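Keep in mind that what you see is a predicted model, and the values were worked out from it rather than measured. Reminder, nothing fancy here: chain letters follow the sequence lines and each chain counts from 1.
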Protein chains: 2
Amino acid sequence: MATIKDVAKEANVSIATVSLVIHKHKRISLPTSQRVNKVIKKLNYHPSRSARGLVSQKTGNIGFILREDHFLRSEAFYTRIFLGTEFEARDYEYYVLLTTIPSGYSDKDRPPRFILEKNVDGIIIAGKVPDSIIRQVERYNLPLVFVDYYPPSNDHSVVLIDNISGGMVATRFLIKLKHKNIGFIAGDISHPSINDRFRGYRMAMENAGLEIFKKSYIIDENDTARENGYNAARKLLKQRNDITAVFACNDAMAIGAIQYFKENSISIPDNVSVIGFDDVEADISFDPTLSTVRVPKYEMGIEVMKLMSDMIKNGKGTKKKVLIPIDLIERNSTAELKIYK
Amino acid sequence: MATIKDVAKEANVSIATVSLVIHKHKRISLPTSQRVNKVIKKLNYHPSRSARGLVSQKTGNIGFILREDHFLRSEAFYTRIFLGTEFEARDYEYYVLLTTIPSGYSDKDRPPRFILEKNVDGIIIAGKVPDSIIRQVERYNLPLVFVDYYPPSNDHSVVLIDNISGGMVATRFLIKLKHKNIGFIAGDISHPSINDRFRGYRMAMENAGLEIFKKSYIIDENDTARENGYNAARKLLKQRNDITAVFACNDAMAIGAIQYFKENSISIPDNVSVIGFDDVEADISFDPTLSTVRVPKYEMGIEVMKLMSDMIKNGKGTKKKVLIPIDLIERNSTAELKIYK
DNA sequence: AAAATTTAGTTAAACGTTTAACTCAATATA
DNA sequence: TATATTGAGTTAAACGTTTAACTAAATTTT
């Protein structure tokens, strides 16, 4: 394959001129520029990434860090964020290098290889990760953006779902359906996103003048999988058997809860309305199809790449927070409260 | 960050020695090697990808090419293959650069950027792609492996599902359930994988001494989405209303078919058994849960990366074909034929 | 004891770019 | 007319490695 030297020779100029033409430097006259460009096309020349990277200290790559269990889990949540990033990256002429870190990442673990090898121009961290990896990454002083996680040290660029609004929208929707005894179930409550959804729930309830009994919510599950939803539903119903609607902090738990209700002959949505959060693939195959709050995952990926490109171009000073709006998706797991209840 | 020069100075050797130590060259004595390694650790030195890539003409990257509509579709089929590849790549110290190409890729389109920029050591092509991209890629003479697609020019390394076996296993399973009038529905029949599943169906039927009427199958749908399954089921039933079992070429079509059956008060599996192929996420949320042939997507990704590493190490001579075995997954959409029917 | 071989390194070129500093001719300014 | 400025390129250094070719000392062979 052709190198810059071949082009220079063929066009009868120095390699510097070729390089300047490529970068559209104004020092080069139009005729020369045109002549060189013609040769470039003729020889199908493209600058080598490695050579370019070596001298310019830009790799054209963005690192994408994801916790291993997030990466492996069957729901396509972070996968879709990644795909959005990947897709948007093409417009900025970047490639995205994906890597996973163990959930138990500690300060002694070595940072992702792409950082050590100076093979990325910036880093995206998706989802909740251990503090230690953040500290590690910060050391290398690369542009850093978070998506779907709000790190404890609050001074970074982030792309987040508007979880508080989402929590409010879901709860308000149930209220509009005349429900008053609305329960909330969650796991991993220390996660900022989950916490915000809970906050949204409480705010909506208060705004509507509905009291929140301590018995109205179960937030002590330590994970947000289906079985946690199942268990939480059981506990919730034991505490308060007059619940007519449940807002689950995510779809997996909502589906788990519905499974519990079904097994106990509680019909959805006739006896109890259930709404989830996320809008994962399974929702529409599930019976009943799940009402939920849609999280635009792909779009989040796009946004985070945009933000990254911005930081690289305009320096790390631009610390932005982007809140992605959510939509309510009404399906068959929610219904208006029956009067006779 | 430290460079090789810093290490050399600190260890009082030449940079060549440092390099040789890193590559465990036997020309270096043990004491020197140890001393240098200690300095490497102390300075947290790691060779730069770009510099290394420039001189060694190895980038440490593998290109992964996927058709755009495969990339964007909601089923996580190719995504999971990609994740498998990505995960396995870490063991070989590779990164995977993902790129998509338009479905209508033509000879005039420019090849993926990572090829032009000499930024990959090998190429994986996943799923069916236009011939033109294959021709394009072949030109650059890089190690090339296919996964889940068998290119027309049959002289490449490939990782495939054992589709014929899969088709036979599914059909034989229905036969074991006493079904005789077994229908087959498919779309995109020119796709080698689909075609093989059809072949498996026919072989199993013949082996069991069951005749295949032309009316037993619908293979003229041009895609394999849910609505194609829906339509195919309608057409199939119009041709032969004595069908008691249907083997769909993939889960999406199976689900579409079941939807049609449900809407027409044909109960699954009491009136008709349905089995799919792929084992996608939705299957277990669907009602009834779908019996299917499991395709180990993640494992395919792993296999293709292994094959790639092999080709890079041992030269392009090693043209292998790897057939990934499948499993039958029995769920609730299939049942033994009721006698009274 | 001289010659040949082995050991353990070093030197220097090369990989393919980018870019600051330089040159030389043409044009503008005093 | 001599001098300064501008225009359009060229030269050469630098980026951080790898590795073939070389060297000098130590060891082995004759």
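- To the nearest 0.5 angstrom, B:Tyr150 atom OH is 12.5 Å from B:Asn163 atom CG.
- Listed candidates were C:dT17, D:dG16, D:dT19. Nearest to the side chain of B:Ser19 is D:dT19.
- Side-chain nitrogen and oxygen atoms of B:Gln57 include at least one within less than 4.0 Å of the OP1 or OP2 phosphate oxygen of C:dG16.
- In this structure, the CD atom of A:Glu117 is 11 Å from the P atom of D:dT18, given to the nearest Å.
- Proximity of a side-chain donor or acceptor of B:Asp6 to a complementary backbone N or O of B:Thr3 within less than 3.5 Å is detected.
- In this structure, B:Arg52 does not reach the D:dG16 phosphate: none of its side-chain N or O atoms is under 4.0 Å from OP1 or OP2.
- Among the protein residues, B:Thr3 comes within range of the sugar-phosphate backbone only, with heavy atoms under 4.0 Å from sugar or phosphate atoms but none that close to a base.
- Judged by distance alone, the side chain of A:His25 and the main-chain N or O of A:Arg27 form a donor-acceptor pair under 3.5 Å.
- Note on ring orientation: taking the six-membered ring where Trp is involved, the planes of A:Phe114 and B:Tyr95 are tilted (angle from 30° to 60°).
- Whole-Å rounding puts the B:Lys58 NZ to D:dT18 P distance at 14 Å.
- Rounded to whole Å, the distance from NZ on B:Lys24 to C1' on D:dT18 is 16 Å.
- Take B:Thr17 and apply the side-chain contact (heavy atoms from CB on, under 4.5 Å) test, not counting sequence neighbours, and it matches B:Val13, B:Ser14, B:Val21, B:Ile28, B:Thr32.
- The interatomic distance linking B:Asp6 (CG) with D:dT17 (C1') rounds to 13 Å, in whole Å.
- For the contact set between residues 29-47 of chain A and DNA chain D, defined by any heavy atom under 4.0 Å, the members are A:Ser29, A:Thr32.
- Between A:Arg80 and B:Thr79, the side chains place no donor N or O within less than 3.5 Å of an acceptor N or O (distance only, hydrogens not considered).
- Atoms CZ and CD1, from A:Arg52 and A:Ile4 in turn, are 9.0 Å apart once rounded to the nearest 0.5 Å.
- One atom, CD1 of B:Ile4, and another, P of C:dT10, lie 12 Å apart when rounded to the nearest Å.
- Here the P atom of nucleotide C:dG16 and the CG atom of B:Leu116 are 16 Å apart, to the nearest Å.
- Looking only at distances, a side-chain donor or acceptor of A:Arg35 sits under 3.5 Å from a matching main-chain atom of A:Ala11.
- Here D:dA14 presents its C1' atom at 12 Å from CG of B:Leu54, a figure rounded to the nearest Å.
- Among the heavy atoms of the strands, none lies under 4.0 Å from A:His25.
- A distance-only check finds no donor-acceptor pair linking the side chain of B:Asp310 to the backbone of B:Lys306 [under 3.5 Å].
- In this structure, B:Lys26 and A:Val18 both approach DNA chain C, and ranking their closest nucleotides by distance from the 5' end singles out B:Lys26.
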Pairwise N/O distances under 3.5 Å, protein to nucleotides 10-12 of chain D:
from: D:dT10; atom 1: OP2; to: A:Ser14; atom 2: N; distance (Å): 3.0
from: D:dT10; atom 1: OP2; to: A:Ser14; atom 2: OG; distance (Å): 2.8
from: D:dT10; atom 1: OP2; to: A:Thr17; atom 2: OG1; distance (Å): 2.2
from: D:dT10; atom 1: O4; to: A:Arg27; atom 2: NH1; distance (Å): 3.1

Pull out every protein N or O sitting under 3.5 Å from an N or O of nucleotides 23-25 of chain C, one pair per line with the distance.
none

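- Two end axes, each from the C1' atoms of five base pairs, can be drawn for the helix from C:dA1-D:dT30 to C:dA30-D:dT1; they diverge by 50°, to 10 degrees.
- Salt-bridge check for A:Lys42 with A:Glu10: passed, with a basic side-chain N closer than 4.0 Å to an acidic carboxylate O.
- Between A:Arg135 and A:Asp107, at least one side-chain nitrogen of the basic residue sits less than 4.0 Å from a carboxylate oxygen of the acidic one, meeting the salt-bridge criterion.
- More than 12 heavy atoms of other shown residues, nucleotides or ligands fall within 6.0 angstrom of atom NZ in A:Lys321.
- Here the side chain of B:Asp148 pairs no donor or acceptor atom with the backbone of B:Gly127 at under 3.5 angstrom.
- By the ring pair (Phe, Tyr, Trp, His ring centres under 6.0 Å) test, A:Tyr78 pairs with A:His70, sequence neighbours left out.
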